[in-house]
Every structure is written in structure tokens, then in C-alpha cells.
Amino acid sequence: MKEIKPEEVAKKVKNNEDLSIIDVREDEEVAQGKISGATHIPLGELPERLDEIDQSREHIMVCRSGGRSGKAYQLLDEKGYNVRNMTGGMLEWKAEVEK
């Protein structure tokens with residue numbers, strides 16, 4: 001599994017890099033905040049919404065702690081998508097942003 005650390009993602013966001021971040025948490029979790037510019041596709045909806053994901057780009061998968069985004073990574077990787085899993089999820093992201 002290809003991974004990326006929250007601090008690397010934070011640096012890319014800060015530098016306004018053209019990123020595709022897919023947040024696979026549930027609606028109520030995303031309502032508490034998400035990474036700026038991230039697309040919200042709950043894990044359970046991912047198989048039906050593959051047509052919304054550009055196969056020519058790299059996508060960073062995000063969830064609360066890294067488990068669900070790991071499942072999303074596996075699903076997309078098996079379908080031939082270029083993906084990376086953000087380690088530690090939004091728990092680590094929050095710690096990174098609050099530094």
C-alpha cells in the first residue's frame with residue numbers, strides 16, 4: 001500500500017498543489033470538518049461512484065484513522081486507480097494542523 005503522511009498532504013495543500021483528496025468518512029464525521037478541497041464519497045458509496053473518480057490522476061484517500069481509507073485504497077487499487085492512503089487519517093491531520 002502506498003502511503004502519504006498528513007504533514008506531506010498539509011504541505012501540498014498549503015502550496016496549492018492540484019490534489020485529489022477523497023474523504024470516505026460518513027456525513028456526520030465530515031460535518032465536523034474536512035481537508036480543504038477534499039471530495040466526500042462515503043466508503044459504502046464508493047463502488048457505485050467510481051465514474052466520479054478520474055482514473056488519470058493520483059488520489060489521496062482519507063478517513064478518521066486510516067482503516068476505512070485503507071479499504072478504499074484496496075478497492076481503487078484493484079480497479080487500476082493510482083492511490084495513496086493518508087496515514088493516521090483525520091486524527092493525525094488535526095494534530096498536524098494544530099502544530
Side-chain angles (χ1 to χ4, degrees):
M1 181 179 297
K2 292 190 293 183
E3 297 180 325
I4 187 167
K5 293 180 181 342
E7 54 266 25
E8 294 175 72
V9 177
K11 197 177 294 183
K12 289 175 180 292
V13 169
K14 188 176 179 184
N15 291 335
N16 292 316
E17 290 186 32
D18 183 25
L19 297 177
S20 173
I21 301 169
I22 300 175
D23 191 324
V24 297
R25 295 176 299 155
E26 296 301 317
D27 294 339
E28 59 275 5
E29 294 172 290
V30 172
Q32 297 171 15
K34 67 180 177 75
I35 298 171
S36 178
T39 300
H40 176 223
I41 303 177
L43 180 61
E45 296 177 15
L46 199 56
E48 295 84 42
R49 295 179 62 182
L50 291 176
D51 60 336
E52 297 176 34
I53 304 170
D54 183 350
Q55 208 159 2
S56 69
R57 297 186 67 193
E58 178 181 71
H59 305 281
I60 299 169
M61 309 310 295
V62 177
C63 70
R64 181 177 168 274
S65 62
R68 283 174 286 176
S69 58
K71 290 178 183 173
Y73 172 97
Q74 289 177 321
L75 173 81
L76 292 174
D77 185 56
E78 287 170 7
K79 303 269 186 205
Y81 288 85
N82 182 12
V83 287
R84 291 167 89 177
N85 188 30
M86 188 174 87
T87 57
M90 290 302 287
L91 294 175
E92 290 293 323
W93 173 261
K94 190 170 192 245
E96 177 61 33
V97 171
E98 291 176 352
K99 280 185 181 175

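What you see is a predicted model, and the numbers here were worked out from it, not measured in a lab.
- Checked against salt bridge (Lys or Arg N to Asp or Glu O under 4.0 Å), Lys5 has no partners two or more places apart in sequence or in another chain.
- One finds the OG1 atom of Thr87 at 11.5 Å from the CG atom of Leu91 (value rounded to the nearest 0.5 Å).
- Ile4 and Leu19 fall within a single hydrophobic cluster, where Ile, Leu, Val, Met, Phe, Trp and Tyr side chains are chained together by heavy-atom contacts under 4.5 Å.
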Distance-only donor-acceptor pairs under 3.5 Å for side chains of residues 71-84, two or more places apart:
from  : atom 1 : to    : atom 2 : distance (Å)
Tyr73 : OH     : Lys2  : N      : 2.9
Tyr81 : OH     : Leu50 : O      : 3.1
Asn82 : OD1    : Lys2  : NZ     : 2.7

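- Salt bridge status for Lys14 with Glu7: absent, with no side-chain N to carboxylate O gap under 4.0 Å.
- Among all heavy-atom pairs drawn from Gly66 and Cys63, the shortest one is N-SG, 3.0 Å.
- Glu8 and Lys11 are not joined by a salt bridge, as no carboxylate oxygen comes within less than 4.0 angstrom of a charged side-chain nitrogen.
- The two atoms that bring Ser20 and His59 nearest to each other are OG-ND1, 2.5 Å, heavy atoms only.
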Atom pairs and distances, side-chain donor-acceptor, residues 33-44, under 3.5 Å, sequence neighbours left out:
from  : atom 1 : to    : atom 2 : distance (Å)
Lys34 : NZ     : Ala38 : O      : 2.6
His40 : NE2    : Arg25 : O      : 2.7

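- In this structure, CG on Asp23 lies 12.0 Å from CD1 on Ile60, to the nearest 0.5 angstrom.
- Val9 and Val62 fall within a single hydrophobic cluster, where Ile, Leu, Val, Met, Phe, Trp and Tyr are joined by side-chain heavy atoms under 4.5 Å apart, directly or via other members.
- The distance from atom OG of Ser65 to atom CD of Glu92, rounded to the nearest 0.5 Å, is 9.5 Å.
- Distance check, rounded to the nearest 0.5 Å: CG of Asn85 to CE of Met61 gives 8.0 Å.
- Atoms CD and CG, from Glu52 and Leu46 in turn, are 9.5 Å apart once rounded to the nearest 0.5 Å.
- Ile22 CD1 to Ser69 OG: the interatomic distance, rounded to the nearest 0.5 Å, is 11.0 Å.
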